[in-house]
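Please read the structure below before turning to the comments.
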Amino acid sequence: SVAMHYLLSSHPSTSPKAPMDLGSVMQELQSGGLSANTMHQSGMVNDVMQATGLNKQGAQSSLDAVFQMLAGHVQGMGR
């Protein structure tokens with residue numbers, strides 16, 4: 001999935017040109033999800049639109065669902 005690609009490519013060991021700061025992403029996930037701003041600035045929304053044919057709102061909704069699910073797992077690890 002596009003979301004997992006972005007998370008993995010944001011790991012500091014993969015590239016100095018990471019699309020997102022992984023530490024910031026983890027903080028956002030601990031708060032319940034990834035902000036729309038982070039998703040747009042990283043290019044994820046556009047990539048989902050191109051890969052799926054979804055419009056901007058559909059791509060954003062799809063990514064929101066993925067990151068809310070991941071946030072639940074991240075929050076569960078902190079307990």
Side-chain angles (χ1 to χ4, degrees):
S1 99
V2 172
M4 294 308 291
H5 166 76
Y6 272 80
L7 285 175
L8 292 172
S9 64
S10 293
H11 190 275
S13 68
T14 58
S15 170
K17 296 180 183 178
M20 301 183 292
D21 177 271
L22 193 56
S24 295
V25 168
M26 293 304 289
Q27 286 179 337
E28 286 189 48
L29 291 176
Q30 289 172 344
S31 297
L34 204 60
S35 73
N37 190 45
T38 298
M39 287 186 242
H40 283 282
Q41 286 184 348
S42 69
M44 262 190 284
V45 174
N46 286 334
D47 281 353
V48 169
M49 289 170 55
Q50 289 178 1
T52 64
L54 290 170
N55 63 20
K56 193 175 200 176
Q57 183 179 359
Q60 181 71 49
S61 294
S62 176
L63 288 167
D64 280 338
V66 169
F67 284 109
Q68 285 177 4
M69 181 191 69
L70 288 173
H73 290 287
V74 169
Q75 290 169 334
M77 291 175 14
R79 295 181 186 157

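Values below: every heavy atom of this structure, side chains too, minus hydrogens, waters and symmetry copies.
Shown here for Ala18 and Ser9, the closest heavy-atom pair between the two residues is CB-O, 3.6 Å. Nearest approach of Ala59 to Val48, heavy atoms of both residues: CB-CG1, 3.6 Å.
Using a 4.5 Å heavy-atom threshold, the side chains of Leu63 and Leu34 count as separate.
The backbone N or O of Gln75 lies less than 3.5 Å from no partner atom in the side chain of Gln30, so there is not a single donor-acceptor pair.
Qualifying side-chain contact (heavy atoms from CB on, under 4.5 Å) partners for Ser35, counting only residues two or more places apart in sequence or in other chains: Glu28, Asn37, Thr38. Shown here are the side-chain hydrogen bond (donor to acceptor under 3.5 Å, both in side chains) partners of Ser62, two or more places apart in sequence or in another chain: there are none.
Residues in residues 47-60 take part in these side chain to side chain donor-acceptor pair (under 3.5 Å) pairs, two or more places apart or across chains: Tyr6-Asp47, His40-Gln60, Gln60-Asp64.
Under a hydrophobic clustering in which Ile, Leu, Val, Met, Phe, Trp and Tyr are joined whenever their side-chain heavy atoms come within less than 4.5 Å, directly or via other members, Met4 and Met49 fall into the same cluster.
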Quiz: residues 20-27 side-chain donor-acceptor pairs under 3.5 angstrom, not counting sequence neighbours:
from, atom 1, to, atom 2, distance (Å)
Asp21, OD1, Gly23, N, 3.2
Asp21, OD1, Ser24, N, 2.7
Asp21, OD1, Ser24, OG, 3.0

